[in-house]
Amino acid sequence: MCGIVGYIGDKRAYPILIKGLSRLEYRGYDSAGVALLEPGEDIKVYKRQGKVIDLTEFVNGSSTSGTIGIGHTRWATHGLPNDVNAHPHSSGDGKITLVHNGIIENYAILKKELVNRGRVFKSETDTEVLVHLIEDVKSKSGVSLVEAVRIALNRVHGAYAIVVISSDDPNKIIAAKKSSPLVIGMGEDEYYLASDATPIVEYTKNVVYLEDEQIAIIDRHNGLRIISIGNQEVSPYVQELEMQLEELEKGGYEHFMLKEIYEQPHAIKDSFRGRLNAKEGWVSLGGIKDYEEQIAKSDRIIIIACGTSWHAALVAEYYFEDLARIPVEVEYASEFRYRNPIIRKNDVVIAISQSGETADTLAALKMAKEQGATLIGIVNVVGSTISRVTDAGSYTHAGPEIGVASTKAFTTQLVLLAMMALSLGKRRGTITDEKFSLLLNELEALPMKIEKLLESDSYIKGVSAIYKDARNALYLGRGTSFPIALEGALKLKEISYIHAEGYPAAEMKHGPIALIDENMPVFVIATQGENYVKVVSNIQEVKARKGKLIAIVTKGDTTVREMADHVIEIPMSHEFVVPILATIPFQLISYHIAVMRNCNVDQPRNLAKSVTVE
Ligand code: F6R
């Protein structure tokens, strides 16, 4: 949460910072700000409540000179999202300015101490403590800015990625991180800094991912140097980015979310590439190959995740237990990390995360590591923190997901977990050759089936229009379709602000049935398979209470069609892949309803794509 950028070089920093902030806006969009520095001049700070566009309107007409700059787009944690609390924050004398992503947990104690020493605070943020602390250390001890940053960070508890500039040191940028991400792009005599690589990719593909408790000192004349906060020299490890610039544009779609929904056939193909071949009868995940034997022999798999990724974990529980016969526990990372769980050496902990930066998932992983578990990551963002702290892992390869609501990242998580379960099942001998081959074929056919399904989009839009004014909605499914009901409900509530609940269809009669009347849309997954007859009974229970029924059915279904108000057909498929296919209509319904309700689909209120605070 919160996006930070920085630039030092020969170019004007302002346009680079603004473009970078727009790319990072998915991380927070309560307020935005920049600070610009030209040697010999004072630092210019512009900040504004609202989005990056509001900041540019505010700045319009003011001086934006400066070849050094830092910028920030905020998701408020401490203090209201107003102009004063917006970053950057400056020291009392205005000479030091910084941006911060994270939370300073001991800010209250530090603030008290600094106030007692006469420092005057302007904002309610935890961040402002940092800049006053750096100023305080510097003026008291007469040390360099770098040393002051280092000493200050040693006093701080919590998470931070910071970028600092000073008019007394006008040819330098100092950056540091702990638990919040920071990437440094290495250009020709110029450097870019950002919370992720998206603002950097169009300038350079050479990047350094700063590690926890490292400080980067970037000097216009002497280049990049990295030290630890314990003052040890570190050699920068330069990596090459794989990301393409076009992946970050809307490509003719009205919203990123719609583009990302439509990208799913392609994204899933990318997820399969080099990993699955149904004709030759193999599946192989290179990233976890060396650990597969250990996973196959583990006593238990614990899957930790948050939000949509947690829904993928719930589907994986069915996959792993059914196909590989390994016991699985699925946990919200935020609960797992705080409840003193029993973790044994022979447990494998799998973390699922689109961003690879979710604070709770990361903290839960660290805890599991301390207790000796093997850590596996299923991550989308290449080079992200979770991909680096795990022992091994596989990337979903969905490409950058910009819309805050997760779509293609979710379906590629599902296909990856399905491949993993098949591979483990094969290794453990818990799946027959016939079933293995059948399911490989089912997976491989998915991109083509999703293409087909997307052809129903205008019909789905028509159905969505009927329910756009609903105040509540219920989503039902059984088996692997239950997590998809949860995901459908989450998607609707997060982007259209309609209250929605997902339930296992049979649980409905233990409470939620009381809510059903002629105003309640009930979305149900009623595809052919083991649970079909049971779901049909649940549908009858809904109809008997006059609920409005929107059913996802297998192509050609007539039974449910007679009972439902609307049916959305998915191609005939094995139950194994139904969760992936059934997700698509729910994504489209949420998208269309949100657009019809004039909601900001790509940047829903109060949300951020990368949840880097607890
Ligand atoms: C919902 C959504 C969130 C994320 C959750 C975890 O559409 O995107 O619920 O799934 O914040 O994020 P990651 O997967 O990045 O760990």
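Reckoned from all heavy atoms, side chains included, excluding hydrogens, waters and symmetry mates. For ligands, and for the atoms within them, numbers begin at 1 and follow the listed sequence. Note that this is a predicted model, so its numbers are computed, not measured.
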Q: Flag yes if more than 12 heavy atoms outside E242 fall under 6.0 Å of its CD atom; otherwise flag no.
A: no
Q. Among protein heavy atoms, which sits nearest to atom 6 (C) of ligand 1, and what does the distance come to when rounded to 0.1 Å?
A. C306 O, 3.3 Å
**Q.** Distance filter under 4.0 Å to A405 heavy atoms, resulting ligand 1 atoms
**A.** 7 (O)
Q. So Y319 and F576, ring pair (Phe, Tyr, Trp, His ring centres under 6.0 Å) or not? Walk me through it.
A. CA-CA 8 Å; Y319 285 163; F576 177 62; 4.8 Å; yes
Q.
Holding to ring-ring contact (aromatic ring centres under 6.0 Å, His included), I want the full list of residues that pass it with Y107, two or more places apart in sequence or in another chain.
A. H78
(Q) Under 3.5 Å between any N/O of T361 and any N/O of ligand 1: does that happen in this structure? (A) no
Q. Which of the numbered atoms in ligand 1 are below 4.0 angstrom from a heavy atom of E494?
A. 1 (C), 7 (O)
Q. When you measure from atom 10 (O) of ligand 1 to each heavy atom in T308, I386, L490, I378, which option holds the nearest one?
A. T308
Q.
So, applying side chain to side chain contact (heavy atoms under 4.5 Å, CB included) with T390, which one of T385, I378, I376, L375 is it?
A. L375
(Q) Please list, in number order, the atoms of ligand 1 under 4.0 Å from a heavy atom of S353. (A) 13 (P), 14 (O), 15 (O), 16 (O)
Q: Mark up the atoms of ligand 1 that fall under 4.0 Å of a heavy atom belonging to G307, in ascending order.
A: 9 (O), 10 (O)
**Q.** R471 atom CZ: more than 12 heavy-atom contacts under 6.0 Å
**A.** no
Q) Within 45 degrees of the axis of the six-membered ring of Y497 and under 6.0 Å from its centre: does R597 put its NZ or CZ there? A) no
(Q) I need the nearest protein heavy-atom contact for atom 11 (O) of ligand 1: residue, atom name and distance, please. (A) V611 CG2, 3.8 Å
Q: Could you list the atoms of ligand 1 found under 4.0 angstrom from a heavy atom of V404?
A: 8 (O)
Q.
Is there a side-chain contact between Y591 and E254 in this structure, where contact means two heavy atoms from C-beta onward sitting under 4.5 Å apart?
A. yes
Q. Touching ligand 1 at all, E357? Heavy atoms, strictly under 4.0 Å?
A. no
Q: Could you list the atoms of ligand 1 found under 4.0 angstrom from a heavy atom of K491?
A: 1 (C), 7 (O)
Q. Do any N/O atoms on T358 end up under 3.5 angstrom from N/O atoms on ligand 1?
A. yes
Q | Parallel, tilted or perpendicular, as decided by the 30° and 60° cut-offs, for the rings of F523 and Y475 | A | parallel
